[in-house]
Number of protein chains: 2
Amino acid sequence: MANINNVAKKARVSIATVSRVINNKKYVATKTREKVMSVIEKLDYKPLYSAINLATKRTGNIGFIVWGEHFSEIEKFYSQIFLGMEYSARDSDYYILLTTVKEKFNPKEDLPRFLKYKDVDGVALAGRVPTSLIEYLENQGIPFILIDYGIPDKVCNSVVMDNYNGAFQAVDQIVKSGKKNIGFIGGSYFHPSVKDRYRGYKDNLKSNGLGDSEYFDKFSFLKNVETSPEIGIQGVKHLLSQNIGLDAIFCCNDTTAMGALSELKKYNIKVPKEVSVVGFDDITLSSFCTPSLSTVRVPKLEIGKESYRLLTEIIANPDSTPQTSIIDVEYIQRRSS
Amino acid sequence: MANINNVAKKARVSIATVSRVINNKKYVATKTREKVMSVIEKLDYKPLYSAINLATKRTGNIGFIVWGEHFSEIEKFYSQIFLGMEYSARDSDYYILLTTVKEKFNPKEDLPRFLKYKDVDGVALAGRVPTSLIEYLENQGIPFILIDYGIPDKVCNSVVMDNYNGAFQAVDQIVKSGKKNIGFIGGSYFHPSVKDRYRGYKDNLKSNGLGDSEYFDKFSFLKNVETSPEIGIQGVKHLLSQNIGLDAIFCCNDTTAMGALSELKKYNIKVPKEVSVVGFDDITLSSFCTPSLSTVRVPKLEIGKESYRLLTEIIANPDSTPQTSIIDVEYIQRRSS
DNA sequence: TTATTATATGTAAGCGGTTACATAACAAAG
DNA sequence: CTTTGTTATGTAACCGCTTACATATAATAA
């Protein structure tokens, strides 16, 4: 394995010059540069990461932390976001280290190794993460961004999708299709995404002259637990038992909608004729289930790429004021509505 | 940030001694060791990875490569295996670097960065991967293992699940339930897992006196494309159109089975009464769909952990003869059979 | 012409660890 | 009391790179 000394010797220059060539620095004569390049090529020389990192005191790593339950969920939501970051990172100088944290998180014991050893230049936190973890990062001064999450009363660098408008548009489509009694099924309502989707749902109905607080009381099923098909099942059971002439359901996400669909089937209720169903996220399964699910597509890879951009920007410029990137979403019409 | 010099000075010893303490080496007096330990504690000293790596010439990284399409699939199969490796790695000295490769893989252009820069001590390849990639690793002498894959006529270190016996047992259960006309639906039959499952299916039927080559011709639907719900849909269509009194289907995996279930529903065929369906893998969705899917559970986390064990063993001992770890699977009875 | 500035290259000191080797201390053996 | 062997500790070179600084050369200005 060739090193910088071999290259320098063979090119008859000093290692400083080789270093300048590698890093595309000024003050290298064109001829010298070409000479060095050709030797690098010939020897198949690649600089050693650990040596660079030691010398520059950057780690070249970015941490990606996601709550274990989220990563194991049916939907590949966060895995796709991770992949989006990975796509960006591989074209640059970073590795992305993925790890999960537990719900019951204790910064003393459960700290990801790359944090304990300060072996990352920055961290991306995907989805809901323990508050104590965020506090730890702030105290340690490690740059971080939140993806698809937010903390009340705290401004952080973050990347989110346009939950409010996505929901607003989706509900608008439902209304336009002639439905009047539109339910909402949602889990983990403390989650800002779910909150914003609920807000979009309500605001649209209000603007269409359909909803008031009594309406929302009747037509909302909210549970403060992690979203799952189970929530959808419970939601359908509840809404139907109310006898309120339910003719459509907007679910806080596709996973929940899957449960709702299966439960409606049990009651032999025709979708979308009797009750139409719309989800949010556009997970892979949504186009495969029957009937295929109308939903709001969230561009996961794009979120990942934007996250990478933002995080590296913050790493390079740690004292900039916090920014929030909002990623556009798109309503997808399928068979369930 | 404290370094080894700070610790040495404060503990009134040399850095060599501190290094010995960190690495639990012999020849340190108990008193000295305690002293150094307490200083390390006090200064919250953590050794710097890049320095260790530079000095020891190991990278501390393990590469995890999976084909992009696989990682993006509905099923979280390989993500879970990755996670299993991650669980093991975080308790030791390795980071796992995940990356995907394209179908059309060109070693000159598409080489993962950690390979190009020789920045891993070993690599785990999950699922089907380009042959050219494997050849590259062999030529470069980079230790690697195959997970859930194998190459004809080549013995590699690998971790696989017991596909043959899993299929054998599953089909045995179907037969015991009284079914006689049992179809097989499978995609990508070049994949050794699918092959072995098909072999298990056939061998069981033979041993139960049910199948001969004519039977298998009639009851098999094999397509040489990546498995997907679509394959299941096509398979059901095909098998039903044959008018062969189909009363059960064994699918090469759950994803395929999902498609089969949805298609059977379209025909209003009762599952499991008229046709029972059994899958393989036990993806999360399998317990949520209706009817819930009988399947063969593959312990994904365990596969990941075993992969880690095997790979690190090979890294430590590169010239050992290739081994194959076979992970036990378990039949899970649910509603679809 | 000489002073000044921009460009080009080299020298050597780190970065924070590991480790071969030298040496010191001490106990057991002769 | 020396000799020998074991244990304990220190010294300094080295891993492969970056970079501040010194120096040399070429181009431009005075």
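In what follows, every chain begins at residue 1, and chains take the letters A, B, ... in the order their sequences are listed.
Taking the ring centroids of Y49(A) and Y95(A), they lie under the 6.0 Å cut-off.
Between the P atom of dT18(C) and the CG atom of N5(B) lies a distance of 12 Å, rounded to the nearest Å. Protein atom NZ of K9(A) is 15 Å distant from nucleotide atom C1' of dG10(C), rounded to whole Å. To the nearest angstrom, P of dT19(C) lies 11 Å from CD1 of I4(B). At whole-Å resolution of the value, CD1 in I15(A) and P in dA20(D) are 15 Å apart. Distance, L43(A) CG to dG16(D) P: 14 Å, rounded to whole Å. For the pair K25(B) NZ and dT18(C) P, the computed distance is 8 Å after rounding to whole Å. Taking atom NZ on K57(B) and atom C1' on dC14(D), their separation rounds to 10 Å, with Å as the unit. Note: OH (Y49(B)) to C1' (dT18(C)) measures 16 Å, nearest angstrom.
A search for salt bridge (charged side-chain N to carboxylate O under 4.0 Å, His left out) contacts involving K9(A) returns nothing, not counting sequence neighbours.
For residues 26-36 of chain A, proximity to DNA chain C is found at Y27(A), V28(A), A29(A), T32(A), defined as any non-hydrogen atom under 4.0 angstrom from a strand atom.
Here R309(A) pairs with E306(A) in a salt bridge; the nearest charged N to carboxylate O distance falls below 4.0 Å.
In this structure, K154(A) places its NZ atom where more than 12 heavy-atom neighbours from other residues, nucleotides or ligands lie under 6.0 Å away. Sparse packing is recorded around NZ of K102(B), with 12 or fewer heavy atoms of other residues, nucleotides or ligands lying under 6.0 Å away. The 12-atom threshold is exceeded at CD of Q140(A), counting heavy atoms of other residues, nucleotides or ligands nearer than 6.0 Å. In the displayed structure, K46(B) atom NZ is contacted under 6.0 Å by more than 12 heavy atoms of other residues, nucleotides or ligands.
Here L54(B) lies in heavy-atom contact (under 4.0 Å) with a base. Within 4.0 Å (heavy atoms only), Y45(B) reaches sugar-phosphate atoms of the nucleic acid but no base atom. Among the protein residues, N23(B) comes within range of the sugar-phosphate backbone only, with heavy atoms under 4.0 Å from sugar or phosphate atoms but none that close to a base. Across all strands shown, R58(B) has no heavy atoms under 4.0 Å from either base or sugar-phosphate atoms. Across all strands shown, S19(A) has heavy atoms under 4.0 Å from base atoms, whether or not it also approaches the sugar-phosphate.
Along DNA chain C, the nucleotide nearest A16(A) and the nucleotide nearest R20(B) are compared for position; the residue whose nucleotide lies closer to the 5' end is A16(A). For the pair V18(A) and S14(B), nearest-nucleotide mapping onto DNA chain D gives the more 5' position to S14(B).
Side-chain N/O atoms of T17(A) include one lying less than 4.0 angstrom from OP1 or OP2 on dG10(C).
Put simply, the side chain of N3(A) does not reach to within 4.5 Å of the side chain of L48(A), judged on heavy atoms.
Comparing the local axis fitted to the first five base pairs of the helix from dT1(C)-dA30(D) to dG30(C)-dC1(D) with the one fitted to its last five gives a bend of 50°, rounded to 10°.
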Run the side-chain contact (heavy atoms from CB on, under 4.5 Å) check on V13(B) and V18(B) step by step: do they pass?
-> CA-CA 7 Å; V13(B) 295; V18(B) 176; 3.8 Å; yes
Test T99(A) against R90(B) for side-chain hydrogen bond (donor to acceptor under 3.5 Å, both in side chains), laying out the working first.
-> CA-CA 9 Å; T99(A) 199; R90(B) 72 169 62 166; 3.0 Å; yes
